[in-house]
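Below you'll find the structure, written out as structure tokens, and then a few comments.
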Amino acid sequence: MLYSPTAHVLRLTAQSDANMDRIIKPYILKRTLDQNQGPKLSLDYAKELNAQQYAAVTAVDGPALVIAGAGSGKTRTLVHRVAYLIESGVDPSHILLLTFTRKSAEEMLERVGALIGSRSQRVCGGTFHSVANMLLRRYGRVLGIEPGFTIMDRGDAEDLIALLRVQLGLNEKDKRFPRKGTIAEIYSKCENTLRGLEEVVLDEFSHFADHLEALGKLQRAYQLAKRQRQLLDYDDLLVLLREVLTKDEQTRLTISQQFRYILVDEYQDTNRLQAELIRKLATTHDNVTVVGDDSQSIYAFRGATFRNIMEFPSWFPGATIYKLEENYRSTQPILSLANEIIQEAPEKYTKHLFTRKLDGPLPALVEAAGEHAQSRFVAQKILELREEGVPLNEIAILVRSSFHSFDLEIELSRCGLPFVKRGGIKFIEAAHVKDLLAHLRVVVNPQDAVSWHRVLMLVEGVGPKKAQDLVAAMVRMTNPYQVLRSSSGRSGKGLSALADVLENLTVSDDLSPTEQVNRVYEYYLPILKDHHDDYPKRIRDLDHLHTIAESYPGLTEFLADLALAPPDGSASEVEPVGRDDEQVVLSTIHSAKGLEWQCVFVLWVVDGKFPSVFSFNSDEELEEERRLMYVAVTRAKRHLFLTYPINVYDKSSGMLLSKPSRFLDHVSPQVFETLALIEEGHGHDWGRGYDRYI
DNA sequence: AGGTCTGAATTTTTT
DNA sequence: ATTCAGACCT
């Protein structure tokens, strides 16, 4: 049927990397047209999938591009393809599944497991960063990278940059120098978009063009400091893996032979660097299946480009393109709006989503007199929906930026509506969590200057200068603890106490991570109480950390995992998930990617907020905002409310915002209905908030 | 000289 | 809420 009679290679096994010298002869079995004579399939793929999905799942070897519209069963297709490959005789350990988050990799593999059983466990799945981490620990030696290297998260990278900036004396200039966060952003952009510093600065940070020279100097210092200390930031994981694949022919072949089938999810959100990695990983076979939706590319700020998905066919000549256009999520009225919004985009793979769910309420565009009126509308409507039987966890409120929901959060609490917030401050980024982890890190990697600095600054009487001197001395010595003890002055006592704790952890390496967390915790607790008035809440976070540590055999694994896959949930809401775990979801649109709800509210659909004024200058950024709107709208299954407050003064631009998002300008009027909010009676007291609207 | 404290200025989205 | 510079204290 959909088979082409291309030869299909059955793998005669190659278990591990130890086999690289052994000669493995492929024996080619011709693929037959009759499925009955092929490998025994336990699943009836044709029945479980629609025709488009089936074609993509059973695609033969070679590059394939699957354009999967929103809600078209993208994950389902990917999961079935993995299952299909395994059932066709591909060794699971030869399959590499790259996803956007580690969580989605886990979920997918779990679903594969549900289809075909435990064989799925040997599939290698994860994010680009986690796979790079794994490969570098094994093959990094060819570049002088020890397997015990430390991964720096964004915060660590910023701290190191700040440190070097002071050392180079760059902060005493009269002109304003970019802050550490901005500098890290610039450097990251360079790596991820494969552009030089000058190009990036002139292009996107032209107001800092004066500092180009200084930024270059600092960048070189940063690179050097990382290499010397065995520190890798997120970008290094990818950059260095590429270097391994480029410089070491043998390793490239070994790895490419290891992963003979590569599947990539969310391809529209990959950057140039990642595209190159895939190109190199697949050098020996071109068995690459990428899945994505160019209309949902929303990570350009992080260096991603939807050009990757547009240009895939030229990177992998002969690629077959499959399109999934049947939407299983939303009703037709919602899809009609979504289709009209994206229709205006100048560049895209043309596709037209359709659904069999023809009936449903029209999406509503709601004008509110101000931010608070908007909040009251949402809260009131949610109460109504709950009355109608919509469970709270089927309701989501999406915003462009996380602070857009501040006012609403207050209103929801006031109405007694429970909610969870996704995509705020991460657990792992909380200062106290980082403090505790820093202690563990110096134990694993005594070269880790950034963590040392953090640890030392917590000791009473130690400031930037002393910390720096100590770190410099410790890196030279074989026994860092000796340095701490021999330090004189006011901080002497604190430093030797620190040395005692850390040395204990180092010497007795048979301790479990849990026990090690415990010891540091005891030492750190007084410091925590001293620094933060709200320490009881923070203690709960540390307990959480303690629990996480239980599932790890060693510190190295624990720390690496934590840097790459931060547990979600913000620091403070540790709450034992209310009586019934029904909670409204409050989320940024970015962290709502791939999710769906019965009912979705999109807040601040006002021109100037969404699209934000920052994007007005460039067409590219505006188009990104449009796609973001498309993503937001297509999260809804049945109910959709777009709300916009009017007469809002925007400080940053000095504009009065009063018009709905420009993305709705060309949408036909019959596609949505318009609601105007009217106060019950003549109530001026908005604070009360139980007035009626129509 | 170096550490600590205060006050002023700045905020999109995040693996 | 966080970062950074400058004043003030040891």
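Keep in mind it's a predicted model, so treat the numbers as computed, not measured. In what follows, every chain begins at residue 1, and chains take the letters A, B, ... in the order their sequences are listed.
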May I ask you to evaluate whether A:Arg179 reaches the phosphate of B:dA9, defined as a side-chain N or O under 4.0 Å from OP1 or OP2?
no

Does A:Thr588 place a side-chain N or O at less than 4.0 Å from the phosphate oxygens OP1/OP2 of B:dT12?
no

Between [atom2] of [N] and [atom1] of [X], the distance in whole Å:
X: A:His207; N: B:dT10; atom1: NE2; atom2: P; answer: 12 Å
X: A:Tyr234; N: B:dT14; atom1: OH; atom2: C1'; answer: 10 Å
X: A:Met457; N: B:dC5; atom1: CE; atom2: C1'; answer: 13 Å
X: A:Glu158; N: B:dT14; atom1: CD; atom2: C1'; answer: 12 Å
X: A:Ile298; N: B:dT14; atom1: CD1; atom2: C1'; answer: 10 Å
X: A:Lys189; N: B:dT13; atom1: NZ; atom2: C1'; answer: 11 Å
X: A:Asp233; N: B:dT15; atom1: CG; atom2: P; answer: 16 Å
X: A:Phe306; N: B:dT13; atom1: CZ; atom2: P; answer: 23 Å

Contacts of A:Val462 and A:Thr101 projected onto DNA chain B by closest heavy atom; the upstream (5') one is A:Val462

Contacts of A:Glu625 and A:Pro464 projected onto DNA chain B by closest heavy atom; the upstream (5') one is A:Pro464

Any idea which of [options] is nearest the [X] side chain?
X: A:Lys180; options: C:dC4, B:dT14, B:dT15; answer: C:dC4
X: A:Lys465; options: B:dG3, B:dT15, B:dT13; answer: B:dG3
X: A:Phe301; options: B:dT13, B:dG3, B:dT15; answer: B:dT13
X: A:Lys466; options: B:dG3, B:dT14, B:dT15; answer: B:dG3

Please state whether the rings of A:His404 and A:Trp604 are parallel, tilted or perpendicular, taking 30° and 60° as the class boundaries.
tilted

Charged N to carboxylate O below 4.0 Å: is that the case for [X] and [Y]?
X: A:Arg102; Y: A:Glu106; value: yes
X: A:Arg195; Y: A:Asp203; value: yes
X: A:Asp156; Y: A:Arg454; value: no

Using a 4.0 Å heavy-atom cut-off, does [X] contact any base of the nucleic acid, only the sugar-phosphate backbone, or nothing at all?
X: A:Ser612; value: nothing
X: A:Phe100; value: sugar-phosphate
X: A:Gly461; value: sugar-phosphate

Answer yes or no for A:Arg627 and A:Phe306: cation-pi contact, defined as NZ/CZ to six-membered ring centre under 6.0 Å and angle to ring axis within 45°.
yes

